[in-house]
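Reckoned from all heavy atoms, side chains included, excluding hydrogens, waters and symmetry mates. To find a chain, count down the sequence lines: A is the first, B the second, and so on, and within it residues start at 1.
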Number of protein chains: 2
Amino acid sequence: MVTTRIEQYIEAIHEIVKKKGYARVKDVSESVGVGFSAVSEMFSKLSEKGYINYEKHGWVTLTKKGEKLATKLSKRHKVLRDFFIILGIDEKVADEDACEIEHVVRKETMDRLTKFVEFVKSHEDPLWLKRFKEYYETGKLPECPRTIKKTKIQSRNN
Amino acid sequence: MVTTRIEQYIEAIHEIVKKKGYARVKDVSESVGVGFSAVSEMFSKLSEKGYINYEKHGWVTLTKKGEKLATKLSKRHKVLRDFFIILGIDEKVADEDACEIEHVVRKETMDRLTKFVEFVKSHEDPLWLKRFKEYYETGKLPECPRTIKKTKIQSRNN
DNA sequence: CCACCATTTTTGGGAAGCCAAATAGTTTTC
DNA sequence: GAAAACTATTTGGCTTCCCAAAAATGGTGG
């Protein structure tokens, strides 16, 4: 079973290795926010499950299997984060929520969301999104341009 | 601490009470997918925490506090589900994902998402959404109507 | 009214994670 | 090259949630 917790450790290791070339108990302890003993135990478990290269007192790196999982999570994180930012959510909150959701969301949903983010990003500053943000701020629904006349829009704006 | 598990039990009780007027160990056991003993223990805990009205061997209902939590979760569930369905995700998957995400997502994110769903629903069949679905199916980005001429759109469609 | 059956609770024990303290292994310093 | 300082592992024990089996409860038919 790949628990959320296992995924969180894998992500932490991935980030640390990206920066330093290897991860150690102390690094992961700080990153995940648990004590050394918890990390040490988890290293044994992750090693048994084939996610990390680990020998006692040694430097830790991800195996191919660990790398694959880390890459998947990283992609999910980015898409979720980008999506939330598109909606206008604060970056910090977007990040935190992405961090949680990436572990529970189904592949099918991620596929849609990925395409959605691509779609939105391919148009710079879409009108409908501007309208949504206006709605979010003011609570007022801008009328749909397809159902109203130009003069009406202008009179509303003046 | 309100764990995900506690929330899942509360939701199950809420649904059952809505149908039968009260919930019993057996009902919740089936709904949550755990044995009787787990439910019985959880009933004690939920009662201690003030979420349910419970006496041994009796009918269970939610307290005001439990009701409030259940209502929050139910609203979140609906918004998440609706949002996923808007994106074109299968109803069953939308439901499953909503079930997971509702326990971990932050209030701020839910507020945005709620408004977003309202926004989309207030326009029937928005053009941009039709374009997204086209993009999802075909992988082709329809050009933005603001940057191209009408004749160009027509010629593309013929 | 009482025995039976369904339901619920209790009991004993397990897995996953965590911590603090004790121990052990490295590295650095002098 | 040994003591000191740092880092990692082990150990014992905790919490939350679970299960299976045993014990208790309560409603119902005879």
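Between A/Phe83 and B/Phe83, the ring centre distance stays below 6.0 Å.
Taken together through direct or relayed side-chain contacts under 4.5 Å among Ile, Leu, Val, Met, Phe, Trp and Tyr, A/Leu73 and A/Met110 form parts of separate hydrophobic clusters.
Judged by the 6.0 Å distance and 45° axis criteria, B/Arg112 is not positioned over the aromatic ring of A/Phe84. Relative to the six-membered ring of A/Tyr135, B/Lys115 meets both conditions, a distance below 6.0 Å and an angle of at most 45° to the axis.
If you take CZ of B/Phe43 and C1' of D/dC18, they are 16 Å apart, rounded to a whole angstrom. As a whole-Å value, the separation of B/Glu55 CD from C/dT9 P is 11 Å. D/dG26 atom P lies 11 Å from atom CZ of B/Arg24, rounded to whole Å. Between the NE2 atom of B/His57 and the P atom of D/dG26 there is a distance of 6 Å, rounded to whole Å. Rounded to whole angstrom, the span from the CD1 atom of B/Ile52 across to the P atom of C/dT8 amounts to 13 Å. As a whole-Å value, the separation of B/Glu48 CD from D/dT16 P is 10 Å. The NZ atom of B/Lys26 sits 18 Å away from the P atom of D/dG26 (whole-angstrom rounding).
Here the straight-line distance linking atom CZ of B/Arg24 with atom CZ of B/Phe43 works out to 9.5 Å at 0.5 Å rounding.
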| message | How would you summarise protein contacts on nucleotides 10-22 of chain C per nucleotide, using B for base, S for sugar-phosphate only and - for none, with heavy-atom distances below 4.0 Å? | response | BB----SSBBB--
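Checked options A/His77, A/Lys75, A/Arg76; the residue passing with A/Glu102 is A/His77 (criterion: side chain to side chain donor-acceptor pair (under 3.5 Å)).
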